[in-house]
Protein chains: 2
Amino acid sequence: MARTDMRYRDAYNVLLDFCAELEPEARLPAESRLCEIAGVSRTVVRRCLGRLKERGIIAWEGRDKRLLRRPAEADRIARPDGLQGSADLEQRFLEWILKFDVPANTPLSVAELARSFEVPQHELKEFLAGLSRFGLVARRRQGGWMLLGFTRGFAVELSDFRAVLELDAVRHLVEAPVDHPIWARLEALRAEHLTLKARIETDFHAFSKLDEAFHAALNSVVKNRFVAEFQKVVSLIFHYHYLWDKTHEKDRNEAAIGEHLAIIDALEARDEEAAVAAARRHLKTSKTTLLSSLRYHDLA
Amino acid sequence: MARTDMRYRDAYNVLLDFCAELEPEARLPAESRLCEIAGVSRTVVRRCLGRLKERGIIAWEGRDKRLLRRPAEADRIARPDGLQGSADLEQRFLEWILKFDVPANTPLSVAELARSFEVPQHELKEFLAGLSRFGLVARRRQGGWMLLGFTRGFAVELSDFRAVLELDAVRHLVEAPVDHPIWARLEALRAEHLTLKARIETDFHAFSKLDEAFHAALNSVVKNRFVAEFQKVVSLIFHYHYLWDKTHEKDRNEAAIGEHLAIIDALEARDEEAAVAAARRHLKTSKTTLLSSLRYHDLA
DNA sequence: CAACGGTTTTTAATTATTCTAGACAAAATA
DNA sequence: TATTTTGTCTAGAATAATTAAAAACCGTTG
């Protein structure tokens, strides 16, 4: 029980690597220096030094730390398989919801989720606490958590919110200076759209990715941590729903390409009014698509 | 150690109260019914029944549950002082940051905070995880948390984001039907503004509250969970900074009253362009005020 | 006297434990 | 027999206990 000694294990291996670079009989730097190298506290460094001494790799007496022999591969400590799950938990969680079409008002079991995502429970709890800020999940009175979205209401509000942010981005974009990298990006995107349009009969599946890239590019002009935070969630949700609503997929995507191109045209012409109008049109289409894709699944 | 039996204690007292309402010798309803009454699971209800039987308050044999005697005050279980802190933790935490002007990049000790706010540690951790979604705090590499805001960058982005949301609200507002309650609310607010304007020489401190009410009213037109969530944080921050920046407070507030009235005028005239312009002017002033109040404190 | 190392105290991450919720099937009621 | 109620059991959530790590403290040393 209790905290793992992963940090110690990792630090020890890092210090071994460091020692491997040294000349024989070389002196090791001060403990505080070793801390910086391994990225841990002195407590851990001293534990590592203790083991290095024990193994006869170094001599250590007060400030006197000398390398005795070159460390071998066998000296390393094994790490009992690090679960890297913690990193992209958000992505995986949202994918799970959307992929399995988890219905609204589903009780979420922290224990079960922690197992299936291979993360410690408390990490999952903190994650859910974070999501509750977006109104996606909520605490239940009798304990535990519960998935709230994706109801129709959620989708409507999400779309509206997205629209507000994106229209603002468009207004910003028109004002961007000529040498702003966004213009080159837009030109590249235009080309990609045209290419896809030519091959739409066969490659219409590829649109979803292009759509994401397009909207990400628009929003990249607004440098705002709040916008960025929301964008991550929003784009993921729209992305997946685009993928799964198979009705008239080709037609929808072809139409969307046209709408995207209209936005690019208006932007490059620096015509704010036209750009906003075009963006509004496209966002409305997106919203409709999202809602209709819900209608198929959502029975609640 | 481990989980408290608070639920059991509370449920027991509730059931005592319920028994007190019954006739002598009356039969108690089914366990599942008692669950509804006490708002807990059957497990807890059965534990309560066990104690009630033990204390000679009821007879309990299978389905046969009869009241033997009227419960007395002495039968209640004491609750070892419930810490109600959990409720308004957010409010208190933000107040703490702003009141003591905690500088950016301060390491936050969960243990210490949990003590001073009188909440369990894990609750505070979940709270911080939630705040990290707003970019106010972040995890540190070596463990624990750290306060990021309020830097200048944070204030700028917060103001900009607020402006985007609020301008959208204004645009919505102009379209609101005549019988929408917002119009009556705006009239009331106009009157309050005029009253305060007349007494500005002495009562200028009262503006902060009025400002909050005004912005809350504007945003109330947009029914959106994302907007609402942000609004809570945003309004609190602006509220406090308004309070603490004492330079030219009277003049600032008087000017702001004028700006508010201009917005109300334009809204009631259903003049979208004028309303947006007026709102934009006021939001710009607000931003400037927020930034200048930071300049006094922020040395980082 | 400034950097370094030994020691101690405090904090954070994780497990273990207890209480609670929910499910199932047997039993009782109608 | 159909329906409700209860006894029993399993899994889950909240919290305390525990160990690793961080950080503070203070004497030492070059």
Test item: B:Val40 and B:Asp10 side chains (from C-beta on) under 4.5 Å apart, heavy atoms = no
Report yes if some heavy atom in the side chain of B:Val222 is under 4.5 Å from a heavy atom in the side chain of B:Leu165; otherwise report no.
->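 Side chain of B:Val222 against side chain of B:Leu165, heavy atoms only: no contact under 4.5 Å found.
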Which comes earlier along DNA chain C counting from the 5' end, the contact point of A:Gly143 or that of A:Glu126, where each point is its nearest nucleotide?
->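 Comparing both residues, the 5'-ward one is A:Glu126.
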Between A:Trp60 and B:Lys125, whichever has its closest DNA chain C nucleotide further toward 5' is A:Trp60
Looking at every strand, decide which applies to B:Leu108 at a 4.0 Å heavy-atom threshold: base, sugar-phosphate, or nothing.
-> sugar-phosphate
What is the nucleic acid contact for A:Arg115, judged by heavy atoms within less than 4.0 Å: base, sugar-phosphate only, or nothing?
-> sugar-phosphate
Counting heavy atoms from C-beta on, name the nucleotide in [options] closest to the side chain of [X].
X        : options                : value
A:Arg3   : D:dT19, D:dA22, C:dT20 : D:dT19
B:Val40  : C:dA13, D:dA22, C:dA21 : C:dA21
B:Pro120 : D:dT6, D:dT15, C:dT11  : D:dT15
B:Tyr8   : C:dA12, C:dT20, D:dA13 : C:dT20

Length of the line joining [X]:[atom1] and [N]:[atom2], which is rounded to integer Å:
X        : N      : atom1 : atom2 : result
B:Arg42  : D:dG12 : CZ    : P     : 19 Å
A:Leu124 : C:dA13 : CG    : P     : 16 Å
A:Arg51  : D:dA20 : CZ    : C1'   : 16 Å
B:Arg63  : C:dA26 : CZ    : C1'   : 10 Å
B:Asp64  : C:dA27 : CG    : C1'   : 15 Å
B:Glu31  : C:dA27 : CD    : C1'   : 13 Å
B:Gln142 : C:dA12 : CD    : P     : 11 Å
A:His122 : D:dA14 : NE2   : P     : 15 Å

Would you say a side-chain N or O of [X] is under 4.0 Å from OP1 or OP2 of [N]?
X        : N      : value
A:Lys65  : C:dC4  : no
B:Ser41  : C:dT20 : no
A:Arg7   : D:dA22 : yes
B:Arg140 : D:dA23 : yes

Determine the interplanar angle of the B:Phe161 and B:Phe230 rings, folded into 0 to 90°, and report it as parallel if under 30°, tilted if 30 to 60°, perpendicular if over 60°.
-> tilted
Does any N or O in the side chain of B:Arg63 come within less than 3.5 Å of the main-chain N or O of B:Ala30, such that one atom is a donor and the other an acceptor?
-> no
Hey, do the aromatic rings of A:Phe226 and B:Phe154 have their centres closer than 6.0 Å?
->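 Here the rings of B:Phe154 and A:Phe226 have centres that are less than 6.0 Å from each other.
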Only residue of B:Leu108, B:Thr106, B:Ile97, B:Leu148 satisfying side-chain contact (heavy atoms from CB on, under 4.5 Å) with B:Val137 is B:Leu108
Pick the nucleotide of DNA chain D nearest each of A:Glu112 and B:Thr4; which residue has the one closer to the 5' end?
-> A:Glu112
Decide yes or no, distance alone: a donor-acceptor N/O pair under 3.5 angstrom between the base of C:dG22 and the side-chain of B:Thr43.
-> yes
